[in-house]
Amino acid sequence: MSDLGDGTRCVHAGLPEPAPGDPFLPGPVLAAPYHLDPWQGPAGSPNGYGRPDNPTRRLLEAAVGELEGGDCRVFATGQAAITGMLLTLLRPGDTVVLPTDGYFPVRAFATDVLEAIGVRVLFVPTVGPYPSLEGVRLVLVETPANPGLDVVDVAALAKQAHAAGALLAVDNTTATPLGQRPLDLGADLVVASGTKALTGHSDLLLGYVASRSTELIEAVTGWRTTTGSVPGAFDAWLAHRSLGTLDLRLARQSANAAAVADLLAGRPDVTGLRWPGRPDDPAYPVASAQMRRMPGVLSFDLGDADRVSRFVEAARLVVAATSFGGLHTTADRRAQWGDDTAPGFVRLSCGVEDTVDLVADIAAALDAAGSA
Ligand SMILES: *Cc1c(COP(=O)(O)O)cnc(C)c1O
(Lines give C-alpha, C1' and ligand atoms only; values in the text may rest on other atoms or scores of the structure.)
Protein backbone atom coordinates (compact mmCIF):
# COMPACT_ATOMS: atom_id res chain seq x y z
CA MET A 1 0.00 0.00 0.00
CA SER A 2 3.01 2.33 0.41
CA ASP A 3 2.80 3.46 -3.25
CA LEU A 4 -0.77 4.73 -2.81
CA GLY A 5 -2.10 8.11 -1.70
CA ASP A 6 -2.99 9.09 1.86
CA GLY A 7 -6.75 8.74 1.39
CA THR A 8 -6.41 5.27 -0.12
CA ARG A 9 -4.04 4.11 2.59
CA CYS A 10 -6.35 5.41 5.35
CA VAL A 11 -9.39 3.65 3.93
CA HIS A 12 -7.59 0.30 3.65
CA ALA A 13 -5.15 0.46 6.58
CA GLY A 14 -5.15 -2.67 8.69
CA LEU A 15 -8.22 -4.28 7.12
CA PRO A 16 -8.17 -8.07 6.69
CA GLU A 17 -8.49 -9.70 3.26
CA PRO A 18 -12.07 -9.22 2.03
CA ALA A 19 -14.30 -12.24 2.64
CA PRO A 20 -17.86 -12.49 1.29
CA GLY A 21 -20.38 -12.12 4.08
CA ASP A 22 -17.90 -10.52 6.48
CA PRO A 23 -17.82 -6.81 7.38
CA PHE A 24 -14.96 -4.67 5.97
CA LEU A 25 -13.76 -4.09 9.54
CA PRO A 26 -14.63 -7.04 11.78
CA GLY A 27 -16.59 -6.04 14.88
CA PRO A 28 -14.97 -5.66 18.28
CA VAL A 29 -13.95 -8.93 19.91
CA LEU A 30 -15.03 -8.51 23.52
CA ALA A 31 -13.21 -11.15 25.53
CA ALA A 32 -11.18 -11.36 28.72
CA PRO A 33 -10.15 -15.02 28.37
CA TYR A 34 -10.76 -16.94 25.12
CA HIS A 35 -11.52 -20.64 24.67
CA LEU A 36 -8.31 -22.64 24.74
CA ASP A 37 -7.58 -25.75 22.73
CA PRO A 38 -7.87 -28.55 25.34
CA TRP A 39 -4.74 -30.25 24.01
CA GLN A 40 -2.44 -27.45 22.88
CA GLY A 41 -3.44 -24.77 25.44
CA PRO A 42 -2.20 -21.24 24.58
CA ALA A 43 -0.01 -22.63 21.77
CA GLY A 44 -3.16 -23.45 19.81
CA SER A 45 -4.35 -19.88 19.04
CA PRO A 46 -2.96 -16.31 19.01
CA ASN A 47 -5.54 -15.41 21.66
CA GLY A 48 -5.18 -16.60 25.23
CA TYR A 49 -5.98 -13.71 27.53
CA GLY A 50 -7.17 -10.17 26.75
CA ARG A 51 -4.34 -8.19 28.33
CA PRO A 52 -1.63 -9.42 25.96
CA ASP A 53 -3.91 -10.60 23.12
CA ASN A 54 -6.83 -9.06 21.30
CA PRO A 55 -7.56 -9.40 17.57
CA THR A 56 -9.40 -6.04 17.31
CA ARG A 57 -6.38 -4.31 18.83
CA ARG A 58 -4.01 -6.12 16.47
CA LEU A 59 -5.94 -4.85 13.43
CA LEU A 60 -5.72 -1.27 14.73
CA GLU A 61 -1.99 -1.74 15.35
CA ALA A 62 -1.52 -2.99 11.81
CA ALA A 63 -3.34 0.12 10.53
CA VAL A 64 -1.40 2.69 12.58
CA GLY A 65 1.84 0.80 11.92
CA GLU A 66 1.22 1.02 8.16
CA LEU A 67 0.64 4.77 8.39
CA GLU A 68 3.72 5.41 10.57
CA GLY A 69 5.92 2.97 8.65
CA GLY A 70 6.84 0.76 11.61
CA ASP A 71 5.49 -1.71 14.15
CA CYS A 72 2.90 -0.27 16.51
CA ARG A 73 1.58 -1.03 19.98
CA VAL A 74 -1.50 0.81 21.19
CA PHE A 75 -2.06 1.91 24.78
CA ALA A 76 -5.08 3.02 26.81
CA THR A 77 -4.09 6.71 26.43
CA GLY A 78 -1.33 8.85 24.96
CA GLN A 79 -0.03 9.46 28.45
CA ALA A 80 0.16 5.67 29.07
CA ALA A 81 2.13 5.23 25.83
CA ILE A 82 4.57 8.05 26.60
CA THR A 83 5.16 7.21 30.26
CA GLY A 84 5.36 3.51 29.29
CA MET A 85 8.06 4.28 26.73
CA LEU A 86 9.98 6.43 29.23
CA LEU A 87 9.85 3.83 32.00
CA THR A 88 10.74 1.01 29.59
CA LEU A 89 13.90 2.76 28.42
CA LEU A 90 15.13 4.78 31.41
CA ARG A 91 16.99 3.46 34.44
CA PRO A 92 18.31 5.31 37.52
CA GLY A 93 21.39 7.27 36.47
CA ASP A 94 20.21 7.74 32.88
CA THR A 95 19.69 11.17 31.35
CA VAL A 96 16.61 12.09 29.30
CA VAL A 97 16.04 15.27 27.29
CA LEU A 98 12.47 16.61 27.23
CA PRO A 99 10.91 19.77 25.74
CA THR A 100 10.40 22.81 28.02
CA ASP A 101 7.35 23.68 25.90
CA GLY A 102 5.87 20.21 25.39
CA TYR A 103 2.74 18.52 26.72
CA PHE A 104 2.44 19.65 30.33
CA PRO A 105 1.55 16.29 32.00
CA VAL A 106 4.66 14.68 30.46
CA ARG A 107 6.83 17.39 32.01
CA ALA A 108 5.03 16.94 35.33
CA PHE A 109 5.62 13.16 35.15
CA ALA A 110 9.32 13.77 34.53
CA THR A 111 9.78 15.97 37.58
CA ASP A 112 7.42 14.00 39.85
CA VAL A 113 8.35 10.42 38.92
CA LEU A 114 11.49 10.20 36.77
CA GLU A 115 13.58 12.52 38.94
CA ALA A 116 12.38 10.70 42.07
CA ILE A 117 13.77 7.39 40.75
CA GLY A 118 17.13 8.94 39.91
CA VAL A 119 16.72 9.80 36.23
CA ARG A 120 18.36 13.09 35.24
CA VAL A 121 15.92 15.25 33.28
CA LEU A 122 17.20 18.01 30.99
CA PHE A 123 14.60 20.41 29.64
CA VAL A 124 15.38 22.01 26.27
CA PRO A 125 13.13 24.28 24.18
CA THR A 126 11.75 22.54 21.07
CA VAL A 127 13.61 24.96 18.80
CA GLY A 128 16.89 24.35 20.70
CA PRO A 129 19.72 25.03 21.04
CA TYR A 130 20.30 21.37 21.99
CA PRO A 131 23.26 20.72 24.29
CA SER A 132 25.83 17.99 23.65
CA LEU A 133 23.95 14.69 23.81
CA GLU A 134 26.96 12.68 25.05
CA GLY A 135 25.80 10.47 27.92
CA VAL A 136 22.11 11.01 27.09
CA ARG A 137 19.99 7.84 26.80
CA LEU A 138 16.88 9.31 25.18
CA VAL A 139 15.73 12.56 23.58
CA LEU A 140 11.95 13.08 23.37
CA VAL A 141 10.71 15.93 21.20
CA GLU A 142 7.27 17.12 20.31
CA THR A 143 6.96 18.67 16.87
CA PRO A 144 4.89 20.73 16.35
CA ALA A 145 4.89 21.24 20.13
CA ASN A 146 1.61 21.46 22.00
CA PRO A 147 0.49 24.17 22.62
CA GLY A 148 3.16 26.61 21.36
CA LEU A 149 3.54 25.01 17.89
CA ASP A 150 7.30 25.34 17.54
CA VAL A 151 8.98 22.68 15.40
CA VAL A 152 12.38 20.99 15.36
CA ASP A 153 14.34 19.47 12.45
CA VAL A 154 13.89 15.75 13.21
CA ALA A 155 16.47 14.46 10.69
CA ALA A 156 19.19 16.79 12.01
CA LEU A 157 18.42 15.95 15.64
CA ALA A 158 18.34 12.20 14.88
CA LYS A 159 21.86 12.50 13.43
CA GLN A 160 23.10 14.38 16.48
CA ALA A 161 21.44 11.90 18.87
CA HIS A 162 22.78 8.82 17.08
CA ALA A 163 26.31 10.24 16.89
CA ALA A 164 26.20 10.53 20.70
CA GLY A 165 24.65 7.07 21.20
CA ALA A 166 21.23 8.43 22.21
CA LEU A 167 17.78 7.37 21.02
CA LEU A 168 15.34 9.86 19.53
CA ALA A 169 11.58 9.64 20.14
CA VAL A 170 9.09 12.01 18.49
CA ASP A 171 5.63 12.81 19.85
CA ASN A 172 3.59 12.84 16.63
CA THR A 173 0.23 13.76 18.19
CA THR A 174 -0.25 17.14 16.54
CA ALA A 175 1.02 16.19 13.09
CA THR A 176 -0.40 12.63 12.88
CA PRO A 177 1.35 10.11 10.58
CA LEU A 178 -0.15 11.88 7.55
CA GLY A 179 1.46 15.15 8.65
CA GLN A 180 4.92 13.65 9.08
CA ARG A 181 6.59 10.26 9.36
CA PRO A 182 9.29 10.62 12.04
CA LEU A 183 10.63 7.07 11.47
CA ASP A 184 11.39 8.02 7.84
CA LEU A 185 13.21 11.10 9.17
CA GLY A 186 15.48 8.95 11.36
CA ALA A 187 13.65 8.83 14.71
CA ASP A 188 13.91 5.54 16.64
CA LEU A 189 10.45 5.77 18.17
CA VAL A 190 7.17 7.55 17.62
CA VAL A 191 4.80 8.12 20.54
CA ALA A 192 1.43 9.79 20.25
CA SER A 193 -1.99 10.38 21.63
CA GLY A 194 -4.61 8.88 19.33
CA THR A 195 -7.23 10.79 21.31
CA LYS A 196 -6.74 13.90 19.17
CA ALA A 197 -6.70 14.28 15.37
CA LEU A 198 -5.80 10.65 14.63
CA THR A 199 -9.25 9.42 15.63
CA GLY A 200 -10.83 12.88 15.59
CA HIS A 201 -14.35 12.29 16.89
CA SER A 202 -13.73 13.38 20.49
CA ASP A 203 -15.17 10.09 21.74
CA LEU A 204 -12.26 7.94 22.90
CA LEU A 205 -8.83 7.87 24.54
CA LEU A 206 -5.91 6.12 22.84
CA GLY A 207 -2.12 6.16 22.64
CA TYR A 208 0.57 4.34 20.72
CA VAL A 209 4.28 3.67 20.34
CA ALA A 210 5.75 2.81 16.92
CA SER A 211 9.25 1.76 15.93
CA ARG A 212 11.21 -0.21 13.33
CA SER A 213 13.36 -1.82 16.02
CA THR A 214 12.14 -5.28 17.05
CA GLU A 215 14.09 -4.95 20.28
CA LEU A 216 12.41 -1.66 21.24
CA ILE A 217 8.95 -2.92 20.28
CA GLU A 218 9.44 -6.12 22.31
CA ALA A 219 10.53 -4.11 25.34
CA VAL A 220 7.52 -1.80 25.04
CA THR A 221 5.17 -4.76 24.55
CA GLY A 222 6.57 -6.41 27.67
CA TRP A 223 6.00 -3.21 29.61
CA ARG A 224 2.42 -2.94 28.37
CA THR A 225 1.61 -6.53 29.26
CA THR A 226 2.99 -6.29 32.78
CA THR A 227 1.46 -2.89 33.55
CA GLY A 228 -1.78 -3.62 31.70
CA SER A 229 -2.44 -0.24 30.09
CA VAL A 230 -4.32 -1.55 27.05
CA PRO A 231 -7.31 0.09 25.35
CA GLY A 232 -10.61 -1.79 25.44
CA ALA A 233 -11.71 -3.67 22.32
CA PHE A 234 -14.59 -1.32 21.61
CA ASP A 235 -12.38 1.78 21.74
CA ALA A 236 -9.82 0.04 19.50
CA TRP A 237 -12.56 -0.76 16.99
CA LEU A 238 -13.97 2.78 17.13
CA ALA A 239 -10.49 4.18 16.56
CA HIS A 240 -9.91 1.94 13.55
CA ARG A 241 -13.32 2.87 12.12
CA SER A 242 -12.33 6.57 12.45
CA LEU A 243 -9.00 6.17 10.63
CA GLY A 244 -10.76 5.74 7.28
CA THR A 245 -11.62 9.47 7.22
CA LEU A 246 -8.30 10.78 8.58
CA ASP A 247 -7.17 12.16 5.23
CA LEU A 248 -10.49 13.95 4.64
CA ARG A 249 -10.69 15.34 8.15
CA LEU A 250 -7.11 16.66 8.14
CA ALA A 251 -7.54 18.25 4.72
CA ARG A 252 -10.51 20.32 5.93
CA GLN A 253 -8.97 21.08 9.34
CA SER A 254 -5.77 22.29 7.71
CA ALA A 255 -7.62 24.42 5.15
CA ASN A 256 -9.71 25.91 7.97
CA ALA A 257 -6.59 26.67 10.01
CA ALA A 258 -4.99 28.44 7.02
CA ALA A 259 -8.09 30.62 6.53
CA VAL A 260 -8.46 31.37 10.26
CA ALA A 261 -4.74 32.22 10.48
CA ASP A 262 -5.19 34.69 7.59
CA LEU A 263 -8.10 36.31 9.42
CA LEU A 264 -6.25 36.52 12.75
CA ALA A 265 -3.04 37.85 11.16
CA GLY A 266 -5.01 40.82 9.85
CA ARG A 267 -6.53 41.74 13.22
CA PRO A 268 -4.69 44.22 15.45
CA ASP A 269 -6.65 42.89 18.47
CA VAL A 270 -4.99 39.44 18.22
CA THR A 271 -1.33 38.94 19.13
CA GLY A 272 1.18 36.08 19.17
CA LEU A 273 -0.41 34.15 16.29
CA ARG A 274 1.36 30.83 15.64
CA TRP A 275 0.64 28.40 12.82
CA PRO A 276 3.55 26.54 11.23
CA GLY A 277 1.93 26.75 7.79
CA ARG A 278 2.22 30.56 7.52
CA PRO A 279 5.30 31.68 5.59
CA ASP A 280 6.04 34.41 8.17
CA ASP A 281 5.86 31.95 11.12
CA PRO A 282 9.27 31.18 12.70
CA ALA A 283 8.49 27.43 12.37
CA TYR A 284 7.73 27.64 8.64
CA PRO A 285 11.18 26.93 7.12
CA VAL A 286 11.60 23.61 8.97
CA ALA A 287 7.90 22.70 9.01
CA SER A 288 7.42 23.23 5.27
CA ALA A 289 10.46 21.04 4.51
CA GLN A 290 9.74 18.22 6.95
CA MET A 291 5.96 18.04 7.18
CA ARG A 292 3.66 16.56 4.57
CA ARG A 293 0.74 18.73 5.66
CA MET A 294 -0.01 21.36 8.27
CA PRO A 295 -2.09 20.76 11.41
CA GLY A 296 -5.54 22.20 12.07
CA VAL A 297 -4.35 23.71 15.36
CA LEU A 298 -3.20 27.28 15.87
CA SER A 299 -2.52 29.47 18.87
CA PHE A 300 -2.81 33.16 19.70
CA ASP A 301 -3.31 35.59 22.56
CA LEU A 302 -6.45 37.60 23.33
CA GLY A 303 -4.92 39.58 26.19
CA ASP A 304 -6.79 38.29 29.21
CA ALA A 305 -9.05 35.48 30.48
CA ASP A 306 -12.22 37.57 30.34
CA ARG A 307 -11.85 38.40 26.68
CA VAL A 308 -11.29 34.71 25.86
CA SER A 309 -14.55 33.87 27.67
CA ARG A 310 -16.43 36.64 25.83
CA PHE A 311 -15.04 35.43 22.50
CA VAL A 312 -16.03 31.79 23.03
CA GLU A 313 -19.45 32.71 24.38
CA ALA A 314 -20.15 34.96 21.38
CA ALA A 315 -19.08 32.29 18.86
CA ARG A 316 -21.68 29.86 17.49
CA LEU A 317 -19.16 27.44 16.00
CA VAL A 318 -16.34 27.55 18.56
CA VAL A 319 -16.91 25.57 21.73
CA ALA A 320 -14.86 25.76 24.90
CA ALA A 321 -13.13 22.41 25.29
CA THR A 322 -9.69 21.04 25.87
CA SER A 323 -8.07 18.38 23.66
CA PHE A 324 -7.93 19.08 19.90
CA GLY A 325 -8.13 17.55 16.46
CA GLY A 326 -11.87 16.77 16.56
CA LEU A 327 -14.66 17.40 14.08
CA HIS A 328 -15.82 20.48 16.00
CA THR A 329 -13.84 23.69 16.33
CA THR A 330 -12.74 24.11 19.94
CA ALA A 331 -10.91 26.77 21.92
CA ASP A 332 -8.89 26.08 25.05
CA ARG A 333 -7.51 28.74 27.35
CA ARG A 334 -4.57 26.66 28.52
CA ALA A 335 -3.80 28.69 31.67
CA GLN A 336 -7.07 27.52 33.26
CA TRP A 337 -5.45 24.06 33.58
CA GLY A 338 -2.46 25.40 35.51
CA ASP A 339 -0.31 25.34 32.39
CA ASP A 340 2.54 27.87 32.24
CA THR A 341 1.00 29.87 29.36
CA ALA A 342 -0.18 33.52 29.44
CA PRO A 343 -3.73 34.16 30.78
CA GLY A 344 -5.10 35.15 27.35
CA PHE A 345 -3.33 32.37 25.41
CA VAL A 346 -5.74 30.28 23.31
CA ARG A 347 -5.17 27.02 21.47
CA LEU A 348 -7.74 26.87 18.69
CA SER A 349 -8.42 23.54 17.04
CA CYS A 350 -10.19 23.90 13.71
CA GLY A 351 -12.88 21.34 13.00
CA VAL A 352 -14.37 20.27 9.69
CA GLU A 353 -17.05 22.99 9.41
CA ASP A 354 -17.31 24.89 6.11
CA THR A 355 -14.45 27.37 5.90
CA VAL A 356 -16.62 30.42 5.09
CA ASP A 357 -18.91 29.69 8.05
CA LEU A 358 -16.04 29.28 10.48
CA VAL A 359 -14.15 32.39 9.39
CA ALA A 360 -17.30 34.53 9.51
CA ASP A 361 -18.19 33.21 12.95
CA ILE A 362 -14.73 33.81 14.42
CA ALA A 363 -14.59 37.34 12.98
CA ALA A 364 -18.01 38.17 14.44
CA ALA A 365 -17.14 36.65 17.82
CA LEU A 366 -13.92 38.67 18.05
CA ASP A 367 -15.87 41.85 17.24
CA ALA A 368 -18.44 40.98 19.89
CA ALA A 369 -15.75 40.25 22.47
CA GLY A 370 -14.46 43.85 22.35
CA SER A 371 -10.99 44.67 23.60
CA ALA A 372 -9.02 43.24 26.51
C1 LIG B 1 -3.00 14.86 24.56
C2 LIG B 1 -1.54 14.69 24.39
C3 LIG B 1 -0.86 13.67 25.05
C4 LIG B 1 -1.55 12.75 26.03
O5 LIG B 1 -2.51 11.97 25.43
P6 LIG B 1 -3.81 11.38 26.22
O7 LIG B 1 -4.44 10.54 25.18
O8 LIG B 1 -4.63 12.57 26.64
O9 LIG B 1 -3.30 10.63 27.38
C10 LIG B 1 0.49 13.55 24.81
N11 LIG B 1 1.16 14.37 23.98
C12 LIG B 1 0.53 15.38 23.34
C13 LIG B 1 1.31 16.26 22.43
C14 LIG B 1 -0.83 15.57 23.52
O15 LIG B 1 -1.43 16.58 22.90
Side-chain angles (χ1 to χ4, degrees), residues 57 60 64 68 72-87 96 98-110 112-114 123 125-126 138-152 154 169-177 179-180 182 187 189-210 220 224 227-232 235-236 238-239 242-243 250 253 257 274 276 283 287 291 295-299 321-326 330-334 337-341 345-350:
R57 208 163 67 210
L60 174 62
V64 177
E68 287 287 4
C72 167
R73 293 296 177 271
V74 292
F75 283 74
T77 65
Q79 195 68 3
I82 295 166
T83 58
M85 185 225 15
L86 292 170
L87 290 170
V96 63
L98 296 177
T100 47
D101 47 348
Y103 190 61
F104 190 70
V106 172
R107 287 185 274 148
F109 173 81
D112 293 352
V113 178
L114 293 181
F123 286 104
T126 298
L138 174 71
V139 180
L140 170 62
V141 294
E142 230 182 86
T143 182
N146 169 23
L149 301 174
D150 271 327
V151 306
V152 57
V154 173
V170 174
D171 184 327
N172 209 21
T173 303
T174 305
T176 83
Q180 73 197 357
L189 297 130
V190 170
V191 288
S193 169
T195 309
K196 318 286 171 54
L198 186 79
T199 60
H201 288 65
S202 313
D203 55 6
L204 61 87
L205 293 158
L206 184 77
Y208 68 89
V209 177
V220 163
R224 187 185 66 175
T227 59
S229 51
V230 292
D235 281 0
L238 209 51
S242 302
L243 280 185
L250 291 180
Q253 288 172 337
R274 292 300 308 269
M291 297 185 70
V297 183
L298 34 84
S299 61
T322 192
S323 194
F324 57 92
T330 58
D332 194 18
R333 193 177 72 77
R334 288 301 307 166
W337 301 96
D339 217 330
D340 48 6
T341 51
F345 175 94
V346 178
R347 182 182 62 206
L348 187 86
S349 172
C350 295

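As the structure is a computational prediction, the values presented were derived from the model and not from experiment. Start at 1 and go down the list; that is how both ligands and their atoms are numbered.
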Tell me which residues fall inside the under-4.0 Å heavy-atom shell around ligand 1.
Thr77, Gly78, Gln79, Ile82, Tyr103, Glu142, Asn146, Asp171, Thr173, Ser193, Thr195, Lys196, Leu206, Phe324
Supply the atom-to-atom distance Ser299 OG to Leu348 CG, rounded to the nearest 0.5 angstrom.
9.5 Å
Calculate, to the nearest 0.5 Å, the distance between atoms CG and CE belonging to Leu138 and Met85 respectively.
5.0 Å
Got a second to check how far Asp235's CG is from Leu60's CG, nearest 0.5 Å?
10.5 Å
Is the positively charged end of Lys196 above the ring of Tyr103, judged by distance under 6.0 angstrom from the centroid and angle within 45° of the axis?
yes
Flag, side chain of Asn172 to backbone of Gln180, donor-acceptor distance under 3.5 Å:
yes
Rounded to the nearest 0.5 Å, how far does CG of Leu140 lie from CG of Leu189?
9.5 Å
